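Worksheet for the structure shown next.
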Amino acid sequence: MTESTAIQTDAVIIGAGPAGLFAVFELGINDIKCHVIDILDKAGGQCAELYPEKPIYDIPAVPVCTGTELTERLMKQIEPFSPVFHLGQMAEKLTKLQDGKWRIETDAGTVIDARIVVIAAGGGSFTPKRPPIKDIEAYEGKSVFYAVRKKESFRDKNLIVAGGGDSALDWALNLQPIAKRITLIHRRNEFRAAPDSVAKMRALVEAGKMDLKIANITAINGADGQVQSLSLIDDAKNTTNVACDTVLAFYGLTMKLGPVANFGLTLQDSLIPVNTADFETSEPTIFAIGDINVYPGKMKLILSAFHEAALMARKAFLYIHPDKRYRFQYTTSSSDIQGKLGVGKNAA
Amino acid sequence: MKIFLTDMQGKEHVLEATEDWTIMEIIREGGVPILAQCGGSCACATCHVYVDPAWKAKLPEPSEEEIGMLDGAFDVTPDSRLACQIVFTKDLDGLKVKLAAGSI
């Protein structure tokens with residue numbers, strides 16, 4: 001990778017949750033351009049993934065909004081700064097370059113060089129929940145999968161799809177025409193999925209074109225990474241074995257710290273200690289804000305992340321614009337900031 | 001007031017229980033690791049516990065939402081509950097629960 005092919009920017013933000021999004025705003029009013037990386041295929045972090053429909057009551061001056069609404073409002077608020085999003089990618093590697101910049105590489109091959117890095121990764125990367133079945137890791141990526149990358153790779157497979165939500169239903173329906181046989185396994189005979197998908201699945205089962213087993217998975221059987229069957233147990237304690245050559249499991253996502261653990265930063269119980277003057281980590285020019293940081297008195301609240309973003313941006317300004325004097329301004333009265341926001345007298 | 005919690009290694013912990021706190025909060029306050037990633041909003045299924053069958057009748061029925069969220073847990077049995085959805089009351093003094101896989 002050469003200087004010419006890596007993206008050049010001021011700041012890279014890891015995590016597109018409320019902390020990362022508001023960091024774009026605070027950095028933006030300080031003339032700092034941002035690229036944002038997130039493992040989810042959408043902005044919002046936990047607000048988007050865990051509680052999109054749930055109400056939040058402690059955002060100052062917003063009596064109530066849902067996770068989705070909060071994300072939408074933040075996205076609207078940062079629009080004037082045109083942040084560049086790299087979604088569905090995990091920030092995998094961080095290297096210090098000779099000129100003092102940081103090079104961030106993602107698992108999708110994106111390479112960004114930036115003067116500062118803001119880690120706003122919350123509880124870590126969202127990764128698929130792995131069923132706690134003995135030895136399952138030996139099969140992962142070979143015959144057990146948690147996502148569909150290429151539909152074709154499931155052609156003519158004797159496939160088990162596990163789970164009862166939209167992902168499980170959608171893929172069972174999607175792959176049914178090309179798989180040799182599909183068995184859907186779910187713990188109960190009710191599905192938390194679009195009613196239309198459930199109806200379609202029931203019709204296929206009725207017509208004998210798909211199998212449905214109501215049970216829990218207890219064991220995976222096979223050799224050398226090739227699954228041959230799954231052992232099941234139902235609520236009446238009846239056990240059975242279902243033959244298969246491929247398994248797709250959809251139990252939702254969980255958060256793991258992931259590669260951030262290898263960035264060379266001081267960690268404390270999987271959190272990143274920062275000082276509360278500027279939320280810088282043990283490594284100058286790397287900041288950590290939001291749920292991922294820790295300091296005396298820390299509260300894991302969205303509003304804490306907003307405050308942390310503002311103080312972080314002041315310090316970031318000194319790194320990015322060493323030739324300029326930091327000027328504290330209010331958005332209400334600063335024609336300079338209003339110009340950047342595209343409002344007021346200086347609006348373009 | 002107390003609850004008895006069996007962890008994944010089979011060790012029993014006696015935890016001080018506070019009225020109106022959820023079982024998840026009591027476990028966390030007691031210093032026993034529990035993921036509870038969403039912080040108690042019934043949105044992640046990482047505070048899955050098994051309630052001792054002798055105590056089940058004393059608990060209010062789980063909501064539809066909780067039952068649905070348990071779809072994201074593993075080894076779900078008729079004794080399965082999300083600890084964040086059980087509020088501790090005096091009647092539950094002595095409650096026995098066991099942590100499930102995927103909650104630590």
Side-chain angles (χ1 to χ4, degrees), chain A residues 46-57 66-67 122-124 126 128-134 136 162-169 185-193 214-219 232-237 249-256 269-270 291 299-302, chain B residues 6-10 21-22 24-25 27-53 56 61-85 97-104:
Chain A
Q46 291 182 48
C47 284
E49 185 57 37
L50 289 185
Y51 42 87
E53 309 296 332
K54 301 219 179 222
I56 307 168
Y57 298 101
T66 63
F126 276 104
K129 280 186 191 164
R130 163 197 278 177
I133 300 168
K134 195 169 172 290
I136 193 165
D166 277 312
S167 302
L169 270 278
I185 297 176
H186 183 43
R187 69 174 189 93
R188 59 185 183 130
N189 202 4
E190 276 167 77
F191 292 82
R192 265 186 124 206
I214 305 304
N216 279 304
I217 302 166
T218 54
L232 309 182
I233 186 166
D234 67 15
D235 278 352
K237 307 278 183 209
F250 298 103
Y251 290 95
L253 302 177
T254 187
M255 292 177 279
K256 296 230 164 78
D269 298 331
S270 296
D291 284 1
M299 290 179 93
K300 284 190 185 182
L301 294 175
I302 292 170
Chain B
T6 307
D7 67 20
M8 290 301 294
Q9 284 73 43
W21 285 39
T22 67
M24 182 276 282
E25 291 171 307
I27 295 171
R28 205 171 50 184
E29 184 79 0
V32 181
I34 181 165
L35 262 182
Q37 285 187 330
C38 77
S41 38
C42 195
C44 75
T46 59
C47 65
H48 175 201
V49 294
Y50 303 109
V51 173
D52 187 299
K56 262 173 67 182
E61 288 292 308
S63 65
E64 275 300 310
E65 191 183 24
E66 181 183 345
I67 294 169
M69 199 41 70
L70 277 165
D71 286 351
F74 300 104
D75 302 332
V76 176
T77 76
D79 302 331
S80 290
R81 293 293 305 263
L82 293 180
C84 76
Q85 298 302 301
V97 297
K98 191 175 164 215
L99 271 180
S103 296
I104 55 162

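Chain naming here is simple, since letters A, B, ... match the order of the sequence lines and numbering starts at 1 in each. Both backbone and side-chain heavy atoms feed into the values below; hydrogens, waters and symmetry mates do not. Since this is a predicted model, take the numbers as computed values, not measurements.
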Taking every heavy-atom pair that is under 4.5 Å apart, which of B:A73, B:G39, B:C42 has the most such pairs with chain A?
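Looking at each of B:A73, B:G39, B:C42 in turn, B:C42 comes out on top.
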
Looking only at heavy atoms and a cut-off of under 4.5 Å, which of B:S41, B:G102, B:A101 has the most pairs with chain A?
B:S41

Distance in Å, [X] [atom1] paired with [Y] [atom2], rounded so as to fall on 0.5 Å steps:
| X | Y | atom1 | atom2 | value |
| --- | --- | --- | --- | --- |
| A:I217 | B:F74 | CD1 | CZ | 8.5 Å |
| B:Q37 | A:L50 | CD | CG | 7.0 Å |
| B:C38 | A:M255 | SG | CE | 8.0 Å |

Engaged part of [X] at the chain B interface, taking heavy atoms whose separation is under 4.5 Å:
| X | value |
| --- | --- |
| A:K54 | side chain |
| A:T218 | neither |
| A:I233 | neither |

Under the rule for salt bridge (Lys or Arg N to Asp or Glu O under 4.0 Å), what residues qualify as partners of A:R130, not counting sequence neighbours?
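A:R130: salt bridge (Lys or Arg N to Asp or Glu O under 4.0 Å) contacts with A:E140.
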
Residue pair B:V76 / A:N216: nearest heavy atoms and the distance that separates them
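Scanning both residues completely, I find the closest heavy atoms to be O-ND2, 2.5 Å.
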
For a quick test of reading the model, state the closest non-hydrogen atom pair linking B:G72 to A:K129 and the distance between them.
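Heavy atoms of B:G72 and A:K129 come nearest at O-NZ, 2.8 Å.
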
Is the shortest distance from a Lys or Arg side-chain nitrogen in B:D75 or A:R187 to a carboxylate oxygen in the other one below 4.0 Å?
no

Answer yes or no: is there an ion pair linking B:E65 with A:R192, defined by an N-O contact shorter than 4.0 Å?
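Salt bridge absent between B:E65 and A:R192.
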
Would you call A:D235 and B:P78 a side-chain contact if the rule is heavy atoms closer than 4.5 Å?
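Yes, their side chains come closer than 4.5 Å.
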
Side chain to side chain contact (heavy atoms under 4.5 Å, CB included) assessment of B:I67 paired with A:R188
CA-CA 10 Å; B:I67 294 169; A:R188 59 185 183 130; 3.3 Å; yes

How would you list, by chain and number, every residue that makes a side-chain hydrogen bond (donor to acceptor under 3.5 Å, both in side chains) with B:D79, sequence neighbours excluded?
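Listed in chain order: B:K56.
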
Chain A contact via B:M69 - which portion, at a heavy-atom distance below 4.5 Å:
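Looking at B:M69, backbone and side chain both touch chain A.
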
